[in-house]
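For reference, the structure discussed in these notes is given below.
Values reported hereafter were calculated over all heavy atoms of this structure, with side chains retained and with hydrogens, waters and symmetry mates removed. When a residue number appears, it is its place in the shown sequence, counting from 1.
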Amino acid sequence: MASDEPHIAEVSPLTRFKLRAHHSRSLQIGLMMLADALMIAMSVGLAYLARFEGRILAEYTPYVVPAVLAGIVVFLVFLWAFGLYHVVLRYVGIDVMTRLTGAVFAAMVFFFAFDVLVQQFVGWRVVPYGVILAGCAFAYIGLAALRSVGRLWVVMTGAANHGEYRVLIIGAGDAGSLLLRDIETQPQLGWKVVGFVDDDPRKTGLHVRGKKVLGPIDDLHRLAVWHDVDEILVAVPSMSADRRREVLEMCTAAGIRTKIVSGLTSDATSAGVADLRPVEIEDLLGREPNEVDVDLIAETLTGKVVAVTGAAGSIGSELCRQIMNMRPSKLVLVEIDETRLYELYLEMNRLCPDVAVMRICDVRDDRKLRKVFLEERPAVVFHAAAYKHVPVMEDEPEEAIRANVMGTMNVLNECHRVGAERFVLISTDKAVDPRNVMGATKALAEMVMLSAARYGISAVAVRFGNVLGSRGSVIPIFENQLRLGGPITVTDPGVTRYFMTIPEAARLVLQAQAMSEGGDIFVLDMGEPVRIVDLAKRMIVLSGVSAQIEYTGLRHGEKLHEVLVHGDADLIPTECPAVNRLSALPRITPEFPEELHELIMQARMGENPGLKRFLERLSRGEFEWREGDEAPAAAGE
């Protein structure tokens, strides 16, 4: 602090006074009271002149000065009592004006009462009623004007002190206006709003809180470059998910950091700086929510014992959250990772106490699995436990077979033993024309499910592509690489993948299982495939990190493009637009059970040079068409 004094001494007295007033709350209150006193004195004087039309009668003249002094004292007391000297001018609004109304009204009542009391002693009114009424009215207008001008002065001087961090607001509606107001009341942010852009052509050229609507959103790139914008703020509650994604694509294409008002689907009554959050990749890849039949799903889950294997995984944990909303009688969390299992249990217990139970169990351990199923006796089983990382499974095919194939067999066997009503296999697009161990084992898991469905178990599989943000997936890997400053590694410039959010995938899995009586493979609508290099470029822009992209080449077993159906097979629409039924299913041959048993025995025995070839041959079965669907004719027929 001592180091500041020489600096203060060097400036002019006026500047020194401003600095002291800025840091001294008591000095600020004193100046405000002085301004109010002057305004009250003027108001009482004007009231006398108005009452007597400019010429005060001689009998009232001696009481003018005492009336002015009394007015100042009484008004200041009531203004203090109503808390009007403990407000921040920057936030003067309806609340402050309501308090001011109360203070002036109370002062007026006091003056009338006092005047009547004095009249009882002296026999005539010292101050005419008209003076009291007019004085209070003038005082109210003047005191309100002081506070309004005070707020305007604070905002204007604050705006003049804003920094040079230039921001552009998308959306000139209520949310954008509220956001601008919040920015202007926080000069410490150092932001300078250069204007708005909006899709409504009628707003172009208009001003919102003094800031011009520069043009349409489609001109965003040009306007951002012209006005040297450092950051874009998106505040458009009414914007559809598709349009919002287009707008965010424009922002990333312009290479400008972007924030978005969180909860854009809600009302915009409180949009402000605190509601801003960085744009996430889910905002760019997400879609409009798909409607599901909640009543139909509830029929299969409400009041029943439901088990989820791999419960603490990305998909498993989200399934548990959504299943809990359907009020099962018990939710059995089957998981091998004890730490994440316990964390999930605590979360489920907060949602609905005494419904979730923890069971540490490896689906490869048929004895422990049998014990769990006999004790819990689940009616519906969601099988999400699996090994999924392609490069790891290429090096460990035995483990992939034991977990993904044998584990599925074990769970199905126990479902049959306890008479479970439904079994749901979480599958993947990598099961289509598999080129790697992971995909081949999931293709076999689908065949195991179909085989079990023929023996009376209501078993279905739900197939979808990558989910955003799952452990070990591309987005968390990119995020970690960006935290380290780059580079971002991409296998190939042309590689594409399908993406879906975890909540959407879980919701549609519940919908699919509720629509089937068994023996189906459902494929979720994944939208359009996304180029991974484009995804990397977007994440670099969103992060603000100047990272490079390096290409490493496709790893063994990886495809350049994933597909959702085999060959000439097709997808059959269902009552849910985002869920399709596969038109052709793998043919389960009479030799399949024996060959599957042999594969599992070889995997149990350990390393086998021919295991991958055996797995590949077994997973590439022939297909049979559903009743009512015809296979496409061969070329030339």
Side-chain angles (χ1 to χ4, degrees), residues 309-310 313-316 336 362-366 369 381-413 423-453 459-467 470-473 521 523 555-559 562-564 566 582 585-589 591-623:
T309 69
S314 301
I315 290 294
I336 193 173
D362 186 342
V363 294
R364 294 169 295 187
D365 186 345
D366 56 346
L369 194 63
V381 177
F382 292 86
H383 181 46
Y387 282 143
K388 63 179 182 178
H389 295 297
V390 170
V392 178
M393 294 303 99
E394 286 301 306
D395 295 333
E396 299 285 351
E398 299 86 358
E399 293 302 317
I401 293 169
R402 293 177 65 233
N404 296 354
V405 182
M406 188 180 74
T408 302
M409 287 181 58
N410 290 341
V411 175
L412 278 164
N413 287 337
F423 169 87
V424 185
L425 171 67
I426 305 301
S427 190
T428 171
D429 56 2
K430 294 177 177 60
V432 183
D433 296 331
R435 305 282 180 85
N436 51 61
V437 167
M438 185 271 187
T441 56
K442 295 300 283 186
L444 277 182
E446 291 183 353
M447 297 169 70
V448 170
M449 178 277 297
L450 291 171
S451 180
V460 300
V462 184
R463 183 190 293 170
F464 50 90
N466 297 328
V467 289
S470 62
R471 287 197 305 170
S473 63
I521 295 179
V523 181
R555 295 169 294 190
H556 181 66
E558 283 190 321
K559 298 179 183 178
E562 297 288 359
V563 293
L564 297 174
H566 295 83
L582 201 61
L585 301 177
R587 177 179 289 119
I588 308 301
T589 65
E591 299 81 16
F592 178 72
E594 183 177 344
E595 291 181 320
L596 185 64
H597 178 74
E598 177 63 24
L599 177 72
I600 292 173
M601 289 301 298
Q602 290 188 23
R604 280 179 162 176
M605 291 171 60
E607 189 167 340
N608 181 341
L611 187 61
K612 282 189 179 182
R613 289 193 298 273
F614 189 7
L615 171 64
E616 180 183 4
R617 181 180 63 81
L618 194 57
S619 65
R620 290 179 176 273
E622 296 181 354
F623 294 86

Validation row: [X], [Y] side chains within 4.5 angstrom (heavy atoms):
X: Lys388; Y: Lys430; answer: no
X: Pro434; Y: Leu615; answer: no
X: Ile588; Y: Met447; answer: yes
X: Arg364; Y: Met406; answer: yes
X: Phe464; Y: Ile315; answer: yes
X: Ile521; Y: Leu450; answer: yes
X: Asp362; Y: Leu369; answer: no

Between [X] and [Y], what is the shortest heavy-atom contact and its length?
X: Tyr387; Y: Ala403; answer: CD1-CB, 3.4 Å
X: Ala459; Y: Leu412; answer: CB-CD2, 4.3 Å
X: Lys612; Y: Glu394; answer: NZ-O, 2.7 Å
X: Thr589; Y: Pro593; answer: O-CD, 3.7 Å
X: Phe614; Y: Glu595; answer: CZ-O, 3.5 Å

Quick one: pull up [atom1] in [X] and [atom2] in [Y] and give me the separation to the nearest 0.5 Å.
X: Leu444; Y: Leu596; atom1: CG; atom2: CG; value: 6.5 Å
X: His389; Y: Asp395; atom1: NE2; atom2: CG; value: 13.5 Å
X: Asp365; Y: Ile336; atom1: CG; atom2: CD1; value: 9.0 Å
X: Glu396; Y: Ile401; atom1: CD; atom2: CD1; value: 11.5 Å
X: Met409; Y: Met449; atom1: CE; atom2: CE; value: 14.5 Å

### Message
Run the side-chain contact (heavy atoms from CB on, under 4.5 Å) test on Asp366 and Asn413 for me, step by step, so that the C-alpha distance in whole Å, both residues' side-chain angles and the decisive distance to 0.1 Å come before the verdict.
### Response
CA-CA 9 Å; Asp366 56 346; Asn413 287 337; over 6 Å; no

### Task
For Met601 and His597, run side-chain contact (heavy atoms from CB on, under 4.5 Å): C-alpha distance rounded to whole Å, both residues' side-chain angles, the deciding distance at 0.1 Å, then the answer.
CA-CA 6 Å; Met601 289 301 298; His597 178 74; 3.7 Å; yes

### Message
Looking at Thr441 and Val437, would you say the former's side chain and the latter's main chain have a donor-acceptor pair under 3.5 Å?
### Response
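Yes, the answer is positive, given that a donor and an acceptor are paired below the 3.5 Å cut-off.
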
### Query
Can you check whether Ala384's main-chain N or O pairs, donor with acceptor, with Thr309's side chain at less than 3.5 Å?
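Yes.
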
### Task
Apply the side chain to side chain donor-acceptor pair (under 3.5 Å) test between Ser427 and each candidate in Glu446, Arg463, Lys442; give the one that qualifies.
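In the set Glu446, Arg463, Lys442, the residue that makes a side chain to side chain donor-acceptor pair (under 3.5 Å) with Ser427 is Glu446.
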
### Task
Would you sort out whether Thr408 and Val363 count as a side-chain contact (heavy atoms from CB on, under 4.5 Å), showing the intermediate values?
CA-CA 8 Å; Thr408 302; Val363 294; over 6 Å; no

#### Entry: Electrostatic pair Arg613:Glu616 at N-O distance under 4.0 angstrom
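No salt bridge links Arg613 with Glu616.
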
